[in-house]
Protein chains: 2
Amino acid sequence: MFSQSEENYLKAIYHLSLISNKGISTNSIAERLETKASSVTDMIKKLSEKEVVVYKKYKGVKLTDLGTKIAANIVRKHRLWEVFLVDKLNFSWDEVHDVAEQLEHIKSEKLVDQIDAFLGFPTHDPHGDPIPNKEGDLKIVEKSLLSTLSKNEKGICIGVDDSSSEFLQFLDKKGITLGKQITVLEKEEFDDSLSIIINDKKMSISNKIANNLYIKKS
Amino acid sequence: MFSQSEENYLKAIYHLSLISNKGISTNSIAERLETKASSVTDMIKKLSEKEVVVYKKYKGVKLTDLGTKIAANIVRKHRLWEVFLVDKLNFSWDEVHDVAEQLEHIKSEKLVDQIDAFLGFPTHDPHGDPIPNKEGDLKIVEKSLLSTLSKNEKGICIGVDDSSSEFLQFLDKKGITLGKQITVLEKEEFDDSLSIIINDKKMSISNKIANNLYIKKS
DNA sequence: AAATATTTTTAGGTTAGACTAAAAATATTA
DNA sequence: TAATATTTTTAGTCTAACCTAAAAATATTT
């Protein structure tokens with residue numbers, strides 16, 4: 001059995017592994033968890049004892065197969081709870097993260113299975129992130145940052161990179177939600193801002209925004 | 001903010017207070033929480049600092065108004081989650097306790113309010129226990145242990161004292177569920193067992209069972 | 001390659017929440 | 001009421017999870 005703290009470390013390493021697939025550095029884990037590198041070293045040793053990570057001093061950590069499965073299951077629970085909050089309890093997509101952060105640590109396999117069924121076996125959470133299945137697998141969808149699209153390319157908005165409530169509320173205000181079609185009209189060389197069409201309306205999008213919106217090209 | 005551990009102590013004192021309304025003894029708290037009296041003394045001092053209990057050495061503790069409100073809110077959450085598990089997720093009444101024990105510590109007022117609404121503002125949990133309202137009040141229903149009924153008295157089964165899964169599964173097996181009418185046909189002096197009618201069937205009930213079933217006389 | 005900078009680990013300390021064993025207070029019984 | 005029993009508190013440890021500061025390893029510059 002793993003403590004909440006151990007679970008949070010596993011989850012952090014899991015997320016970092018999706019980007020780099022090299023040994024995950026102590027510092028990157030510390031940064032993600034808003035803690036100190038020395039604390040990370042302590043915890044990594046413990047996780048290594050429990051055989052959920054492989055650890056070589058100064059070389060970073062990798063999740064074992066067991067560790068990956070456990071981490072994916074926590075992510076699964078997090079995302080299922082997010083769907084529950086939005087679909088059943090009228091939460092908006094910018095309100096769910098902190099609560100899901102707590103709910104993901106509830107230990108009951110039956111609970112997860114039943115929530116999954118209750119929600120109709122959703123495949124994605126409210127931010128467009130895929131929900132791992134019981135085995136911990138998730139299907140990767142081809143996605144591109146809006147900022148990488150060229151003039152006249154179009155696609156469907158399928159996710160966000162930054163899921164802070166500030167960003168999500170901003171998107172709400174602009175009418176940008178998952179599933180909407182976006183067409184790039186123009187790219188400004190000067191500030192990398194974009195002119196796009198969404199909801200049949202033309203609007204200007206800063207590079208910062210375009211760098212945090214995932215598009216499925218079409 | 002209170003830790004899970006602090007919340008568990010408050011809840012234990014709350015439950016014990018419903019029976020005795022005197023100062024709650026260190027030992028009774030220790031027994032309920034399956035911990036040692038010395039640990040209880042430590043925690044009581046901390047809770048006393050936080051002004052949720054009043055503590056006099058060797059004289060036991062009492063909840064303050066604030067403490068009572070906080071404790072009632074935890075009980076409220078516990079019971080709402082139990083209803084959720086049974087009504088929405090197909091848990092049976094003997095499976096809900098351990099999960100609710102975890103869920104009751106989730107911190108989100110919106111979550112509780114929404115669950116409450118989602119369930120249609122239930123007044124009782126699956127074991128017949130009343131759900132405190134947001135202010136922490138609960139309406140007490142006149143109830144009697146089945147063992148206190150006399151020959152020929154009848155009533156509706158409205159709750160259980162022991163909610164262990166063993167007992168609840170036993171009741172299921174016997175067809176005894178909340179809302180059923182029970183009529184006492186006979187009381188055996190010898191072993192205090194009862195002969196009753198439930199579901200139009202006659203059956204014999206040991207004193208141990210009758211001592212754990214609440215009836216609303218009718 | 002040597003010097004410097006950065007990252008990581010170690011060593012030692014803190015706090016919450018538990019524990020054991022012994023001392024102190026209270027309660028019970030003779 | 002004195003003796004005994006029980007309950008409660010105190011004193012001192014332990015572990016998980018964090019911390020700071022310094023040492024050691026690795027990476028980057030010059």
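Below, all heavy atoms of this structure are taken into account, side chains as well, without hydrogens, waters or symmetry copies. Sequence lines set the chain letters: A, B, ... in the order given, protein chains first and strands last, and positions in each chain run from 1.
You'll find the side chain of A/Val83 reaches within 4.5 Å of the side chain of A/Ile131, heavy atoms only.
Within the 3.5 Å criterion, the main-chain N or O of A/Lys22 finds no donor-acceptor partner in the side chain of A/Lys62.
Looking at B/Lys134 and B/Glu109, a side-chain N of the basic residue comes within less than 4.0 Å of a carboxylate O on the acidic one, giving a salt bridge. A salt bridge between A/Glu95 and B/Lys110 is present, with a side-chain N of the basic residue lying under 4.0 Å from a carboxylate O of the acidic one.
Of the two residues near DNA chain D, B/Ser25 and A/Ser3, the one whose nearest nucleotide lies more 5' is B/Ser25.
Note on B/Lys45: a side-chain N or O is less than 4.0 Å away from OP1 or OP2 of D/dT10. Of the side-chain N and O atoms in A/Ser39, one or more sit less than 4.0 angstrom from OP1 or OP2 of D/dC19. Side-chain nitrogen and oxygen atoms of B/Tyr9 include none within less than 4.0 Å of the OP1 or OP2 phosphate oxygen of C/dA16. Phosphate proximity of C/dT10 to A/Ser38: absent, as no side-chain N or O sits under 4.0 Å from OP1 or OP2.
Between the CG atom of B/Asp42 and the C1' atom of D/dG12 there is a distance of 11 Å, rounded to whole Å. Summarising the geometry, the separation between CD on A/Glu34 and P on D/dC19 is reported as 11 Å, rounded to the nearest angstrom. Between B/Lys36 atom NZ and D/dG12 atom C1' there is a gap of 16 Å when expressed in whole angstrom units. Here C/dA25 presents its P atom at 6 Å from OH of B/Tyr58, a figure rounded to the nearest Å. Rounding to whole angstrom units, CD1 of residue A/Ile29 and C1' of D/dC18 are separated by 16 Å. At whole-Å resolution of the value, NZ in B/Lys59 and P in C/dA25 are 12 Å apart. Rounded to whole Å, the distance from NZ on A/Lys57 to C1' on D/dA23 is 12 Å. Going from atom CG of A/Leu47 over to atom P of D/dA16 covers 12 Å, rounded to whole Å.
Taking only side-chain atoms of A/Thr41, from C-beta outward, the nucleotide of D/dC19, D/dT9, C/dT8 with the closest atom is C/dT8. Looking at the side chain of A/Asn27, the nearest of the listed nucleotides C/dT7, C/dC19, C/dT10 is C/dT7. Distances were taken from every side-chain heavy atom of A/Thr35 (C-beta onward) to each of D/dC18, D/dA21, D/dA11; the shortest belongs to D/dC18. Comparing D/dT10, D/dC18, C/dT9 against the side chain of A/Ala37 picks out C/dT9 as the nearest.
Taking the centre and axis of the six-membered ring of B/Phe118, the NZ or CZ atom of A/Lys88 falls outside the cone set by 45° and 6.0 Å.
Across all strands shown, C/dG12 forms a Watson-Crick or G-U wobble pair with D/dC19, both key distances being under 3.5 Å.
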